[in-house]
Amino acid sequence: MNLVFDILRKNKVKILIVGLLSTIISIISLLIPLFSKQIFNQSLINKNIKMVVVTAVGLIILNVIYYLLEYINQKTLVKIEKNATVYVRKRVIDNIISKPLKFFEKYDTEYLVTRINESAGIGNIISGDFFKFILSLFTMIVALIYLFYKTPFFGWISIGISIIYVFVMLLPLMKIFKISNKTMDENAEYNKKLYSAVQGISELKQYNQVETFSSNILSSVEKIAILDAEQSNKINFNFNFLQASNSIISITVSVLIAISIVKGELTVGDYFLITQYVSLVNAPVLMFQSFLIMCLLPFLAGIRVERLMKEEEKEKISGYPITDINKILLENISFSYSDKEVLKHISFEINKNDVVQIIGKNGSGKSTLLKIIMGLYNPQNGNILINGLSLNEYNLSEYRNLVGVIPQKVFLFDSTIKENIRIGNTALSDEKFENYLKEFEKRGFLKNLDINKIVIDNGKNLSGGQIKMIALCRVLLRNPKLLILDEATAGMDKELSENFLSIINNLSDIAIIYISHIKEDKIKTTKELYL
C-alpha cells in the first residue's frame with residue numbers, strides 16, 4: 001500500500017533506531033537461555049557457587065538491559081504510530097477534500113466519513129507487533145541453527161511443530177478476512193441509515209415512518225452483531241486450539257528432553273536452553289496469527305480508502321492571480337450527466353453591474369450552469385472566459401474569493417450564528433468584523449436573531465428566512481465581485497423578502513446572477529437567460 005510505504009519513508013530514521021534496538025533485544029533473548037544453561041550446569045555438575053553467582057548476576061544484568069531497551073523501543077514505536085496516524089489522516093482528508101465536486105456527488109456523506117475514519121487505523125500496521133514479528137524471524141533462524149548444531153532431532157521437531165501451527169492457523173483466516181470485510185460494509189450502511197433517519201426525523205414523524213426506519217437500522221445492528229460474534233468465535237477457537245496444541249507440544253518436548261537427560265545425552269542446563277529455543281522457533285508462527293488479525297482491518301481500510309483516493313484527480317487550484325471580475329463570457333457551453341444532456345450550446349455575456357435573471361423549470365440546468373460559473377464543474381464542450389481568459393487558467397482559490405453564493409440549501413455549521421457569519425471572511429480583523437455586524441444589524445439583516453445562539457444540525461432551530469439572511473451576511477462579508485442567488489428568497493415572508501431584494505438592488509460595483517423558476521419582477525434586471 002502506498003500509504004504504508006510513505007509512512008516508512010517519512011519515519012526511516014526512527015525505524016532504523018527501532019530495528020537496531022530490536023536486533024540487540026533479540027540477541028539478548030538468545031543469550032538468556034545460554035546463561036540459564038550455564039547456571040544449572042555449574043551448580044549441578046561442578047558445584048561452583050562462585051560461578052553460579054557470577055552467571056546469575058550476568059543473567060540479571062541481561063534481563064535489566066533487555067527490559068530497558070524494550071521500554072525505549074516501545075516509546076520510539078509510539079512516536080512512529082502517532083506520526084503515522086496523523087500523516088495518514090492528513091493525507092486522506094487533504095486528498096478527498098481536494099477532489100472536484102462531482103466526486104462528492106457520487107457518494108453519501110456518511111459513507112465518505114466512515115471510510116475516512118477507518119483510514120486512521122492504517123498507521124497501526126507499523127506497530128510494535130509488526131517489528132516484534134519481523135525480529136522474531138531473526139531469533140527463530142538463529143535458534144534453529146543452534147538446535148540443528150546441538151541436537152538435529154529437536155531442530156526437526158521444531159520445524160514439524162511450526163508446520164502444524166501454520167496449517168491450524170491458516171484454515172480459518174480466510175473466513176475471518178471475509179467476515180471483517182462484510183462487517184466494514186455493514187457498518188458503513190448502518191451509519192448511512194442512522195444519519196438519514198436523524199436528519200429526516202421531522203418527515204419520519206409526520207408520515208409515521210419512525211418504526212419502519214428504526215426497524216431497518218436495528219436490522220443492520222443485528223447483522224453487525226452477528227458478524228462480530230462469528231468473527232470472535234472463530235478467532236477465539238483458533239487461539240484456544242493453538243494454546244492447547246502449544247501446551248501438549250511443550251509437554252511432549254519436555255518428556256523427550258527428560259529421556260535424553262536420563263540417557264546421558266543432554267544436561268539439565270540443556271533442558272532450559274532447548275525448551276526456550278524451541279519456543280523461539282515457534283514464536284513467529286504463533287505471532288503471525290495475531291499480527292494478521294491486528295493488521296486485517298487497517299489493511300482492508302487502506303485498500304478501500306486508496307481506491308477512493310485514486311478515483312478522481314485533485315482539483316486544479318493554481319494559476320494566474322485574479323483580483324476583479326469585469327466580464328464573464330460563456331462560449332457554447334454544453335454539459336451532460338451520464339447520457340442526459342442538461343445544457344446545450346449556451347452562450348451568454350455578463351458584465352460588471354449586470355443583474356442577470358436565469359429562469360427555467362426544474363431540471364433545466366440552472367444549478368449546473370451556476371456550478372460551471374463558480375468553477376465547480378468543467379463544461380464538456382465550450383469554454384467560460386473571465387476577463388477574456390479561460391477560467392481554468394486562473395488561480396481557482398482566488399477566483400472563488402471573488403464569488404459570493406447563496407444556494408437554495410444553505411449549510412450552517414454547529415457553532416454560533418456569529419461564527420457562521422464569520423466563515424464568510426476569516427481574514428478580517430476582529431474590529432472590522434464587529435463593524436460589519438453593527439452595519440448588518442442597523443440595516444435589519446439580523447432582525448430577531450441572537451448572534452450568540454448555537455446553530456443545531458444545519459439550522460433546524462432557525463426559520464428558512466433567518467438562514468437565508470445569515471447566508472447573505474456571510475456573503476457580503478467578503479465583498480464579492482460576483483453574487484449568485486439561487487432561489488434566494490425561498491422560505492422568506494413578504495417583509496423579509498422585500499428587505500432582502502432591496503438590499504440586492506442597492507448593491508453596486510458587482511455582477512449579480514439571480515436564479516428562479518419564474519421571472520422575479522422585484523429584481524432590477526438588466527439581462528435575462530431562459531433555459
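Residue numbers count from 1 along this sequence.
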- Message: Does any part of the side chain of I454, heavy atoms only, come nearer than 4.5 Å to the side chain of E419, both counted from C-beta?
- Response: no

- Message: Main chain of V355, side chain of T525: is a donor-acceptor contact present, judged purely on distance under 3.5 Å?
- Response: no

- Item | Inter-residue atom distance L482.CG - I350.CD1, 0.5 Å rounding | 7.0 Å

- Rounded distance (nearest 0.5 Å) linking atom CD of Q357 with atom CD of E528: 6.0 Å

- For F433, all residues meeting ring pair (Phe, Tyr, Trp, His ring centres under 6.0 Å), sequence neighbours excluded: none

- Task: Could you walk me through whether L77 and V18 pass side-chain contact (heavy atoms from CB on, under 4.5 Å), step by step?
- Result: CA-CA 7 Å; L77 281 167; V18 168; 4.0 Å; yes

- Task: Measure up the F440 and Y436 rings against each other and bin them: parallel (under 30°), tilted (30 to 60°), perpendicular (over 60°).
- Result: tilted

- Sequence neighbours left out, what passes salt bridge (charged side-chain N to carboxylate O under 4.0 Å, His left out) with E230? Give chain and number order. none

- Query: Without hydrogens or angle criteria, can the side chains of Q380 and S334 be said to hold a donor-acceptor pair below 3.5 Å?
  - Reply: no

- Query: Does K524 have any salt bridge (charged side-chain N to carboxylate O under 4.0 Å, His left out) partners at least two apart in sequence or in another chain, and if so, which?
  - Reply: none

- Note on the structure: What one should report as the nearest heavy-atom pair of I467 and G459 is CD1-O, 3.6 Å

- Query: Among all residues two or more places apart in sequence or in another chain, which pass the salt bridge (charged side-chain N to carboxylate O under 4.0 Å, His left out) test with K90?
  - Reply: D94

- Regarding N95 and K99, is there a side-chain donor-to-acceptor distance under 3.5 Å anywhere? yes

- Are side-chain heavy atoms of T183 and K223 found at a separation under 4.5 Å? no

- Just by distance, do the side chain of N461 and the backbone of K453 share a donor-acceptor pair under 3.5 Å? no

- Item | Expected output: side-chain R474 to main-chain I423 donor-acceptor under 3.5 Å | no

- Message: With side chain to side chain contact (heavy atoms under 4.5 Å, CB included) as the test, pick out the partner of I384 among I373, N378, N392.
- Response: I373

- Are D486 and K366 ion-paired here, with the side-chain N under 4.0 Å from a carboxylate O? no

- Message: Pair L330, E349 - check side-chain contact (heavy atoms from CB on, under 4.5 Å), show working.
- Response: CA-CA 6 Å; L330 307 175; E349 183 178 313; over 6 Å; no

- Query: Is D354 reaching over with its side chain to a backbone N or O of N351, donor-acceptor style, under 3.5 angstrom?
  - Reply: yes

- Message: Any non-hydrogen side-chain atom of Q408 less than 4.5 Å from a side-chain atom of K468?
- Response: no

- Query: Is there side-chain contact between L412 and L462, with heavy atoms separated by less than 4.5 Å?
  - Reply: yes

- Note on the structure: Shortest non-hydrogen pair, E398 vs P321, comes out as OE1-CA, 3.1 Å

- Message: N420 vs S415, test: side-chain contact (heavy atoms from CB on, under 4.5 Å). Steps then yes/no.
- Response: CA-CA 7 Å; N420 266 283; S415 56; 3.4 Å; yes

- Query: In this structure, are over 12 heavy atoms from other groups packed under 6.0 Å from K371 atom NZ?
  - Reply: yes

- Message: Can a donor-acceptor pair be found, under 3.5 Å and without considering hydrogens, that links the side chain of N353 to the backbone of D509?
- Response: yes

- Query: What heavy-atom pair brings L343 and S364 nearest, and what distance separates the two atoms?
  - Reply: CD2-O, 4.2 Å

- Query: If you measure from the Lys or Arg side-chain nitrogens to the Asp or Glu carboxylate oxygens, is any gap between R422 and D430 under 4.0 Å?
  - Reply: yes

- Query: N395 side chain to S397 main-chain N or O, any donor-acceptor pair under 3.5 Å?
  - Reply: yes

- Which pairs with one or both residues in residues 313-354 pass ring pair (Phe, Tyr, Trp, His ring centres under 6.0 Å), sequence neighbours excluded? F335-Y337, F335-Y377

- Whether S516 side chain and I518 backbone form a donor-acceptor pair below 3.5 Å: yes

- Task: Side-chain contact test, heavy atoms from C-beta onward, threshold under 4.5 Å: evaluate it for E439 versus K442 and give yes or no.
- Result: yes

- Hey, are the side chains of I328 and L385 touching, using non-hydrogen atoms and a 4.5 Å cut-off? no

- Item | Side chains of N332 and S347, donor plus acceptor under 3.5 Å | no

- Roughly how far, to the nearest 0.5 Å, is the CD atom of E341 from the CG atom of N381? 8.0 Å

- Would a distance-only check, ignoring hydrogens and angles, find a side-chain to backbone donor-acceptor pair under 3.5 Å from Q466 to S463? yes

- Can you tell me how far the CG atom of L437 sits from the CG atom of L446, to the nearest 0.5 Å? 7.0 Å

- Task: Using atom types as modelled and distance alone, determine if a side-chain donor or acceptor of D324 lies under 3.5 Å from a backbone N or O of N326.
- Result: no

- Closest approach of L531 to I358 (non-hydrogen atoms, all atoms of both residues): CD1-CG2, 3.7 Å

- Tell me, with the steps shown, if I470 and I421 meet side-chain contact (heavy atoms from CB on, under 4.5 Å). CA-CA 6 Å; I470 293 169; I421 294 171; 4.0 Å; yes

- Note on the structure: V475 and P480 have their tightest heavy-atom pair at O-CD, 3.4 Å

- Query: Can you find a pair of side-chain heavy atoms, one from K352 and one from K327, that are under 4.5 Å apart?
  - Reply: no

- Message: Any donor-acceptor pair under 3.5 Å linking the side-chain atoms of T416 with those of N452?
- Response: no

- Between S219 and S215, is there a donor-acceptor pair closer than 3.5 Å when you use the side chain of the first and the backbone of the second? no

- For N383 and S390 the tightest heavy-atom approach is OD1-OG, 3.2 Å

- Can you list the residues that meet the salt bridge (charged side-chain N to carboxylate O under 4.0 Å, His left out) rule with K432, with sequence neighbours excluded? none

- Item | Between CE on residue M309 and CD1 on residue I96, distance to nearest 0.5 Å | 7.0 Å

- Does I515 reach the side chain of L370, with side-chain heavy atoms less than 4.5 Å apart? yes

- Query: Which distance, rounded to the nearest 0.5 Å, do you find between the CD1 of I513 and the CE of M374?
  - Reply: 10.0 Å

